[in-house]
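We use all heavy atoms of the structure for the numbers below, so side chains are in, but hydrogens, waters and symmetry mates are not. Here is the naming used below: chain letters follow the sequence lines, and residue numbers restart at 1 for every chain.
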Protein chains: 2
Amino acid sequence: MSQLATMNVTVAPVDKFREFLLTKKMRLTPEREAVVTAIYSSHDHFDADQWVDSLAGRKGSMLASRSTVYRTLHLLQEAGLIRKVARANDREVYEHDYGYPQHDHLICKKCGDMIEFPNEMISSVLETVAAEHGFRMSGHRLEVEGICAKCSRPPQRTHRKLDMI
Amino acid sequence: MSQLATMNVTVAPVDKFREFLLTKKMRLTPEREAVVTAIYSSHDHFDADQWVDSLAGRKGSMLASRSTVYRTLHLLQEAGLIRKVARANDREVYEHDYGYPQHDHLICKKCGDMIEFPNEMISSVLETVAAEHGFRMSGHRLEVEGICAKCSRPPQRTHRKLDMI
DNA sequence: TTTGCTGCAGCAACTAGTTGCATAGGTTAG
DNA sequence: CTAACCTATGCAACTAGTTGCTGCAGCAAA
């Protein structure tokens, strides 16, 4: 979430989530609030496990169980606050999907780095394709894999020793 | 794999796989051959489980164990014979990636149908984006989700009863 | 306050998929 | 033919993620 500009956000994520839950006659419980707060305390990509660790037992105090973390992640997706962007290292990777412009990712197979790029072109192509098929598109997930510039540069420069071992 | 035309295939999949394995000093064992044959006996999308079922124990004779099926699927991906296209019903969905033109999928969230569409436009947009970032792209995976024409049509026609229950 | 309803958390058992390990089996050298 | 060497297999144990169940908390009516 680094190279793209932040958009205006008028309602705090927690409140947006509460609103969403209300429409489904559900409550913003302390456990759910803990998950949202944790996730929105940083602006990076994240996977479920780090929150399971810090919220449920292993590393922190018990704020929400494993099941609750996962269930809340699903709710947050439904609410449009986060979205799954890729699967890396056997984990689903999520990112905030509220207050940020649309983009997709180049994923480096070597270092695992995810490079964001804006996707208006792609979205508009998809709109056309979908229309042709009478398909009501609600979203997409695009993972472009390959080797990033850093990793494909042959290791030949000076101060290379710092990068190795 | 239905609506797009078949391309010319000069070498049989099994032979292509054997070639690939040779370059890695690996053998085309009976187990591996059984998996490839099974997969190429039909031209549909498929998931690992159906082969685990039919090859390893549960439904058929024991031709290859669970581990071997999964390991062979990875090898087949490396060899460029199959590719993962989506994740549906908690399963990875694969398709043949040899002898077929490039395409992506519209995935219906209701009926699970996968509609293929050719993707030259998207590929070329991605080429440009990748070049801008000095990224050496090796492939991509695009899942477009939404509701297909069939499912979004309101249920109001005649002979509707046939479709229900 | 009591009774009843409903949503929800946590547990434990489950599924898909992966991996470490011991061993079977094939290939080459002597 | 045998020994040494590897690769590949199957098993069992593991991981990430999901789900059914039970019992509890919060609210509403009486």
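The B:Met26 side chain lies nearest to D:dA8 when the options are D:dA8, C:dA16, C:dG10. Checked against D:dT19, D:dA12, D:dA8, the side chain of A:Ser67 finds its nearest nucleotide in D:dT19. Among the nucleotides D:dT9, C:dC8, C:dA16, the one closest to any side-chain atom of B:Arg91 is C:dA16.
OP1 and OP2 of D:dG17 both lie 4.0 Å or more from every side-chain N or O belonging to A:His74. Regarding contacts with the backbone of D:dG17, a side-chain N or O of A:Tyr70 is found under 4.0 angstrom from either OP1 or OP2. Under 4.0 angstrom from either OP1 or OP2 of D:dT7 there lies no side-chain N or O belonging to B:Thr29.
Atom CZ in A:Phe46 sits roughly 16 Å away from atom C1' in D:dA16 (whole-Å rounding). Between B:Glu31 atom CD and D:dC11 atom C1' the separation is 14 Å, expressed in whole Å. Rounded to whole angstrom, the span from the CG atom of B:Leu22 across to the C1' atom of C:dT27 amounts to 14 Å. Protein atom NZ of B:Lys25 is 16 Å distant from nucleotide atom C1' of C:dG26, rounded to whole Å. If you take OH of B:Tyr94 and P of C:dA16, they are 13 Å apart, rounded to a whole angstrom.
Side chains of B:His43 and B:Glu95: no donor on one and acceptor on the other come within 3.5 Å.
On a pure distance criterion of 3.5 Å, no polar donor-acceptor pair joins the side chain of A:Arg27 and the base of D:dG26. Between the side chain of A:Arg66 and the base of C:dG10 there is no donor-acceptor pair of N/O atoms closer than 3.5 Å.
Ion pair A:Glu145/B:Arg141 not flagged as a salt bridge, since none of the NZ, NE, NH1 or NH2 atoms sits closer than 4.0 Å to an Asp/Glu carboxylate oxygen. Using a cut-off of 4.0 Å between Lys/Arg side-chain N and Asp/Glu carboxylate O, A:Lys16 and A:Asp97 are scored as not salt-bridged.
If you check every strand for non-hydrogen atoms under 4.0 Å, B:Arg71 touches a base.
Of the two residues near DNA chain D, B:Asp90 and B:Leu21, the one whose nearest nucleotide lies more 5' is B:Leu21.
Smallest separation of non-hydrogen atoms from B:Ile107 and A:Phe135: O-CZ, 3.4 Å.
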From CA spacing to verdict: ring pair (Phe, Tyr, Trp, His ring centres under 6.0 Å), A:His45, A:Tyr94: CA-CA 6 Å; A:His45 294 122; A:Tyr94 297 84; over 10 Å; no
